[in-house]
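The structure appears right after this line, and notes come after that.
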Amino acid sequence: MEGHDKSDHTMLKHVIPYVGVTEIVLHPPADEIYRWLESRGEVGRLSCLRHLGALSVTFPGARHVRWDYTLAMLYYASQLKVPGMMSRCRIGDTLFSSALAALQSVCLLWNVGHLPGTYSVEKGVYQYLFYKDRRNPASGLPWTEPVAGKIQKIRSASNTLLRSEDYTAVSRILTVIKSLRIAQETDVSIGTVAEDLLFPFLLNQEEDSSHQCSKLRVALELVRHLAYLTLDTAYTGLKWSPNIPALFDQVVSSANKDLAGLSTRISEILSPVERSTYELIYHCPEARTESSLVSARVFKKLSNMQDPSIEIDRWLRCGRLEDLQLVERYQSDDLHRVAAIRLRSHFALPTGSPVEIEERLRKKGLSHPTVFEYKAWNSEFLLEPDEYLIDALTDQEYTPHQIGWLLLWVMESVDDLTSRPEDSFSLLVKRDVETTYRVLLSRCIERQFQGIHLQLEPWPLARFGLFNSVDLTYGKGAIWASNGWLNDPVAKYLLRNRAKSVDRRFRDAYAELTGLRELRTWLRRTWGKKKEMRQRFLIITASIRLQDDSRRLMEFDGGLLKVSTRSGRITWYGLESKRGRSDPLYSLERRRKVLSIPGKTTRLSSHYAFLEVEL
């Protein structure tokens, strides 16, 4: 409900979750921006544009809309009682009655660039823009302004943003495009808001026009996070979630009135809630599958159109997903999940933007690869690592070869096969990426042998005098990537014979690592003098157990996993180590036959044998 109070100020009434009916007074020029949005039907559009977009199919009870989100932002902005928020400020050519008025102006315009279906649809648009023109992706959007002056700068910044960030950049650029029309259709005092205020805020451009910009940027991040968490926590099912408005009031009323300190304090409290919200809503398996299906349909439609920018412009005026007129809906069970790779690390992060990663994986034969990026709120202060979730989906029954392609992608895009053992940073990357190798190796075993699970128990490499510069506790140090000849610096360091220097208490355990050295020597001898080896390896420095739900079935004393760079074909070399009178070849062959595992066994020496299996 909207109206004017007796002082002729524009006042909005709205129901905010956990607050109730709330009255919000808009200050100039935010009041004029609101009237422009209302007269152009934008308020009505946002009132039927679902906040979760296409994910509303996954969460049919979540009915809040983008206008709810906008009003929640305005509510928290009005409650932000810190020094300087009520003082006048000039940003560029625009004079704001207060810093609060500038913040209200951004809040009102923040959601106008969202398309029906929100993130899932915008992800498809994002993919299309790169498909159309990698160097100038923003050229595929519905610009109406001539390319000159400040508009040229805005378009250049839009290209930079699209190349460096994920699909969330699309709605921000569309917000700028839509807001620039204010400059065409209204008086200059309102129109310059789009250029002077939204340009630095939405396109990550630092402007020197006002010292208030840095303060407003912090304030915007604060109210934005508070607003969407207020709307979303009710749908997470968390056993504990705070009353966010009450928490905010309590922190604001405390002695600390510094805006940056206020933001840090609240984000420290709410960061676990935010992460759980993403995990349970936006990044849950069902939501990821729905996003993959919808974005693929959007990409297909735009790619087949003569002038997609006209269609995107039409979508900017729609509020319902049905208005996009996409092709018939696919079912979520039409897709098969090869694997879900989660990289949550300060060190092990993939190269390239999400759309570039998706393109590489699509070329590897995955029809619906989808990359989700999560940056924790105030991560630079809270030291929270970034997270990439790479969902490898395909519309065909997947094979171990596709897992092999994923392994190769991790080796090429995240790991570094030229790392040296004394390079502590590279070793930290290898330590963090090990979890990904474990996930893919486990998926490969589960795909080949139904009902069998993989367990790894790393060998005590530190006790052998290995990798003392990096912490390998907590079950780390089990998997190391290597080049095709197994002669990269880390592999040579790992498999060097140091038996005489190992403490007697650990020599039996070290003997298993010696077996890997012999397996490597045997393989290199069989390859002869080939100039090029189109393969990569994982060196498994751990006890490897294959078991079902009730019992252990087979155990290997380390091993190697070979991946062909041509086909993605995976070959497993499992090592058996025996001391004394036991015959390693007999023991290995007997268990292979009992479990009906295909492959062949080979003797290395009286102490070692290995099983070779094509996965």
Side-chain angles (χ1 to χ4, degrees), residues 92 106 109-115 118-184 191-209 213 217 220 295 298-299 301-303 305-316 349-363 369-373 375 386 388 413:
V106 180
L109 293 169
W110 182 260
N111 285 296
V112 300
H114 274 297
L115 301 173
T118 60
Y119 299 125
S120 302
V121 171
E122 289 150 15
K123 189 169 187 61
V125 174
Y126 173 71
Q127 293 167 342
Y128 162 74
L129 294 175
F130 273 84
Y131 169 79
K132 178 183 179 294
D133 190 341
R134 179 183 298 273
R135 293 186 178 181
N136 187 20
S139 63
L141 294 173
W143 301 91
T144 57
E145 289 272 357
V147 183
K150 197 162 189 176
I151 303 303
Q152 176 65 44
K153 188 177 179 182
I154 290 175
R155 293 185 67 165
S156 176
S158 298
N159 279 318
T160 301
L161 189 69
L162 283 168
R163 288 193 297 264
S164 62
E165 296 204 5
D166 66 358
Y167 56 90
T168 57
V170 172
S171 66
R172 287 153 62 184
I173 296 170
L174 289 175
T175 296
V176 171
I177 291 174
K178 205 163 190 177
S179 300
L180 284 172
R181 295 173 187 175
I182 299 177
Q184 294 178 310
T192 52
V193 172
E195 297 182 17
D196 295 333
L197 186 61
L198 290 180
F199 175 50
F201 277 83
L202 295 175
L203 304 184
N204 291 348
Q205 298 295 304
E206 295 292 342
E207 293 286 272
D208 299 327
S209 57
C213 276
R217 195 182 296 275
L220 176 64
S295 61
V298 169
F299 175 82
K301 177 167 185 174
L302 294 178
S303 301
M305 299 191 72
Q306 186 173 359
D307 191 350
S309 66
I310 296 177
E311 186 70 357
I312 296 173
D313 190 47
R314 185 182 73 82
W315 292 354
L316 269 174
L349 296 174
T351 56
S353 66
V355 72
E356 290 171 327
I357 296 171
E358 291 166 350
E359 184 178 4
R360 289 179 208 155
L361 295 178
R362 199 173 288 110
K363 290 179 178 177
T370 313
V371 179
F372 301 89
E373 185 179 5
K375 290 182 179 291
D386 291 345
Y388 280 78
S413 302

Which heavy atom in [X] sits nearest to a heavy atom in [Y], and how many Å separate them?
| X | Y | answer |
| --- | --- | --- |
| Glu165 | Ala169 | CB-CB, 4.5 Å |
| Pro137 | Arg163 | CD-NH1, 4.2 Å |
| Lys301 | Met305 | O-CG, 2.9 Å |
| Ser158 | Ala138 | CB-CB, 4.0 Å |
| Pro369 | Leu361 | CB-CB, 3.7 Å |

Self-check item: From Thr160, Thr175, Ile154, residue fulfilling side chain to side chain contact (heavy atoms under 4.5 Å, CB included) relative to Leu203
Solution: Ile154

From [atom1] ([X]) to [atom2] ([Y]), nearest 0.5 Å:
| X | Y | atom1 | atom2 | result |
| --- | --- | --- | --- | --- |
| Asn136 | Arg155 | CG | CZ | 7.0 Å |
| Arg360 | Thr351 | CZ | OG1 | 4.5 Å |
| Arg314 | Leu115 | CZ | CG | 11.0 Å |
| Gln127 | Tyr167 | CD | OH | 10.5 Å |
| Trp110 | Ser171 | CH2 | OG | 7.5 Å |

Exercise. Could you tell me how the ring of Phe130 sits relative to the ring of Tyr126: parallel (under 30°), tilted (30 to 60°) or perpendicular (over 60°)?
Key: perpendicular

Does the side chain of [Y] come within less than 4.5 Å of [X]'s, by heavy atoms?
| X | Y | result |
| --- | --- | --- |
| Ile173 | Trp143 | yes |
| Asp166 | Ser353 | no |
| Val298 | Trp315 | yes |
| Val170 | Leu162 | yes |
| Leu316 | Pro142 | yes |
| Leu302 | Ile312 | yes |
| Glu358 | Val355 | yes |
| Leu129 | Leu141 | yes |

Self-check item: Pairs meeting criterion salt bridge (Lys or Arg N to Asp or Glu O under 4.0 Å) with involvement of residues 129-139, two or more places apart
Solution: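 Qualifying pairs, neighbours excluded: Arg134-Glu356, Arg134-Glu359.
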
Exercise. Please confirm whether the backbone N or O of Gln152 pairs with a side-chain atom of Ser156, one donor and one acceptor, at under 3.5 Å?
Key: no

